[in-house]
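Step one of this worksheet: look at the structure below.
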Amino acid sequence: MAIQGPEIKFDEYNMLLNECVNKRAVREGQRVHAHMIKTCYLPPVYLSTRLIVLYTKCECLGSARHVFDEMRERNVVSWTAMISGYSQRGFASEALHLFVQMLRSDTEPNEFTFATVLTSCTGVSGFELGRQIHSLIIKRNYESHIFVGSSLLDMYAKAGRIHEAQGIFECLPERDVVSCTAIISGYAQLGLDEEALELFRRFQREGMSSNYVTYASLLTALSGLAALDHGKQVHSHVLRCELPFYVVLQNSLIDMYSKCGNLNYARKIFNNMPVRTVISWNAMLVGYSKHGKGKEVVKLFKLMREENKVQPDSVTFLAVLSGCSHGGLEDKGLEMFDEMMSGGDGIEAGIEHYGCVIDLLGRAGRVEEAFALIKKMPFEPTAAIWGSLLGACRVHSNTDIGEFVGCRLLEIEPENAGNYVILSNLYASAGRWEDVRNVRELMMEKAVIKEPGRSWIELDQTLHTFYASDRSHPRREEVFLKARELLVKFKESGYVPDQSCVLYDVDEEQKEKILLGHSEKLALAFGLISTSEGVPLRVIKNLRICVDCHNFAKFVSKVYGRRVSIRDKNRFHHIAGGICSCGDYW
DNA sequence: ATAGGGTTAG
């Protein structure tokens, strides 16, 4: 395109700018803009807005804002375009600030403005403003507008208010892929995986169409459920549909396969990707990390460095550090922490990174060093950090630090029953029975069971879920009988129930019964009666696995010659021949 | 002219 003569007017500028916007040709656009200035042409609102759109789409927010600030008058479109520019680039507070200014300038927002500004209403302060914006939306009768409604329900879902999100969704007079995907992903992001899956099925029955975003959200739910069969189905469906294989979808598949226990499939997808983002690398690294494959983590990170196409981010280092920790590579982990702290990648160590290193030191028995690092780090330690150190103190029998840490932990997190158990175990191993009793009493007084223990196992595309001492499963009688049989059999082979895992103060017989009722044991028993000999068992647990169940699973692997994998809240335990990949530290 | 849902970590 050519810019000639000083006599260029609206029509020509409009045409030129439209072309620039379509082609994202920011250099050309800048020339057009410069020409306006040079010839003292004062663009009308319409053309300035085109410039704003061009600049925001080309990541030149500063230039866009400059044009916006210089405008003599603005209308709802120019305000909205500028707000949209900020929210799409993740500058939420600027977007919200501008929206407030817009209201003050007496410009009436329209459905475009509401739909875009709500995407910036995340976080606590954003949510408060979001609520207020919601009331404006109701007043102006935009609540059931499909774009505004989707944005609104998404805001509520991201704030954890899933019921409000559901309410808005139910009130939408029409639905489309985006609004349906928004509600599915709302559930999935909150870990309400079954609900997300159920909704997806409902929408499918109702004939809703899906796209790659829908499948990515669905895969998040399936990862959470470790529903490998379902995940495979989605994978082949996606292939059959010949959906364009977006990176995002492949990232979700990597995550799904590794969280379902199938690292090889995950790596196959990773290897075949024509383009990888940092999330692809992170998902793969996290996969290896959760499976305790420290060496693979280190190798893959090295490959990432060598390829040098994608810069590691803070999540990358989190994955690498936790991978070293889970894989028992203490020195390598410390080395990686130094590498990060040297600042070459421009990544600031967050509290989670310190958490990994503290975990790693504690695991290696370097409890004093871990404690020193907590005192040295520029963050206030969280319950998770103290909890990790307390666990290390118990395993390595460091009563001095353990006592201090345990007391701090009970102050910050008095409701968490697990803390009391670990502390009382620590006292027990030191023979301090009086303290054991005190801690137990304190626990009865203050602790609350937040999330009931739950385990499940996938057989023939069906998830079988068990709760502690479950009476709901259709084959419960058989399952209990089998569990009892296992108890007797394993005792003969040397299994001793670890009663320190029982939270309640009851007699031995009761304790044994409670222990045997743990959901993962029921799932294992069910797995044994429902599969033929030699078939590996894959159990998922929503919380951390207890020492006794971990031991029990070892006996399953040894006595029955089965490979057992258990995914708990933090990681995978691959158990074969009585030995677990976690090295009995988790 | 301006608009909504998505992937890793915690």
Side-chain angles (χ1 to χ4, degrees), chain A residues 14 17-18 21 44-54 56-57 74-85 87-88 102 107 109-119 142 145-155 157-158 165 168-169 172 175-186 188-189 210-220 223 246-256 258-259 266 270 276-287 289-290 312-323 350-353 355-356 382 384-385 569-570:
Chain A
N14 187 27
L17 283 179
N18 273 334
V21 171
V45 181
Y46 186 95
L47 284 185
S48 297
T49 305
R50 291 308 283 160
L51 276 171
I52 292 173
V53 170
L54 173 72
T56 55
K57 291 207 159 127
R74 305 178 185 110
N75 62 17
V76 57
V77 183
S78 30
W79 281 101
T80 305
M82 196 63 234
I83 292 169
S84 161
S87 54
Q88 277 171 13
M102 174 183 181
T107 313
N110 63 15
E111 63 272 38
F112 289 74
T113 325
F114 285 124
T116 197
V117 75
L118 285 169
T119 62
Y142 282 126
H145 184 278
I146 191 152
F147 279 54
V148 179
S150 321
S151 201
L152 197 53
L153 79 87
D154 188 59
M155 178 200 75
K158 288 203 166 79
I168 291 159
F169 180 78
L172 285 179
R175 293 167 187 178
D176 63 4
V177 202
V178 176
S179 51
C180 291
T181 305
I183 192 73
I184 292 174
S185 92
Q189 281 167 2
S210 299
N211 62 21
Y212 79 104
V213 183
T214 321
Y215 290 117
S217 304
L218 176 63
L219 284 168
T220 302
S223 293
Y246 292 101
V247 181
V248 172
L249 197 43
Q250 293 174 310
N251 292 345
S252 302
L253 284 168
I254 292 175
D255 179 59
M256 184 275 293
S258 60
K259 287 201 180 132
F270 179 85
R276 298 185 193 109
T277 63
V278 69
I279 295 179
S280 325
W281 289 93
N282 292 349
M284 198 64 234
L285 288 166
V286 167
S289 165
K290 295 227 181 234
D313 66 5
S314 69
V315 179
T316 314
F317 276 99
L318 215 51
V320 171
L321 291 172
S322 80
I351 190 159
E352 307 91 339
H353 297 99
C356 283
T382 59
I385 299 234
K569 205 176 169 95
N570 293 328

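Numbers restart at 1 for each chain; the letters A, B, ... are given by sequence-line order, proteins then strands.
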Does Asn18(A) get its side chain close enough to the base of dA1(B), under 3.5 Å, for a donor-acceptor pair? no
Its contact letters, B for base, S for sugar-phosphate only and - for none at protein heavy atoms under 4.0 Å, make nucleotides 3-10 of chain B read BBBBBBBS
Got a sec, which residues hit side chain to side chain contact (heavy atoms under 4.5 Å, CB included) with Thr107(A), two or more places apart in sequence or on another chain? Val76(A), Trp79(A), Met102(A), Ser105(A)
Partners meeting side chain to side chain contact (heavy atoms under 4.5 Å, CB included) with Cys356(A) (sequence neighbours left out): Leu318(A), Leu321(A), Ser322(A)
Kindly write out the residues that satisfy side chain to side chain contact (heavy atoms under 4.5 Å, CB included) with Ala157(A), not counting sequence neighbours, or none if the list is empty. Ile162(A), Ala165(A)
NA contact type, Asn110(A), heavy-atom cut-off 4.0 Å: base, sugar-phosphate, or nothing? base
So, using side chain to side chain contact (heavy atoms under 4.5 Å, CB included) as the criterion, who are the partners of Phe270(A) when residues are at least two apart? Ile254(A), Arg267(A), Arg276(A), Ser280(A), Trp281(A), Met284(A), Leu300(A)
All ring pair (Phe, Tyr, Trp, His ring centres under 6.0 Å) counterparts of Phe112(A), not counting sequence neighbours: none
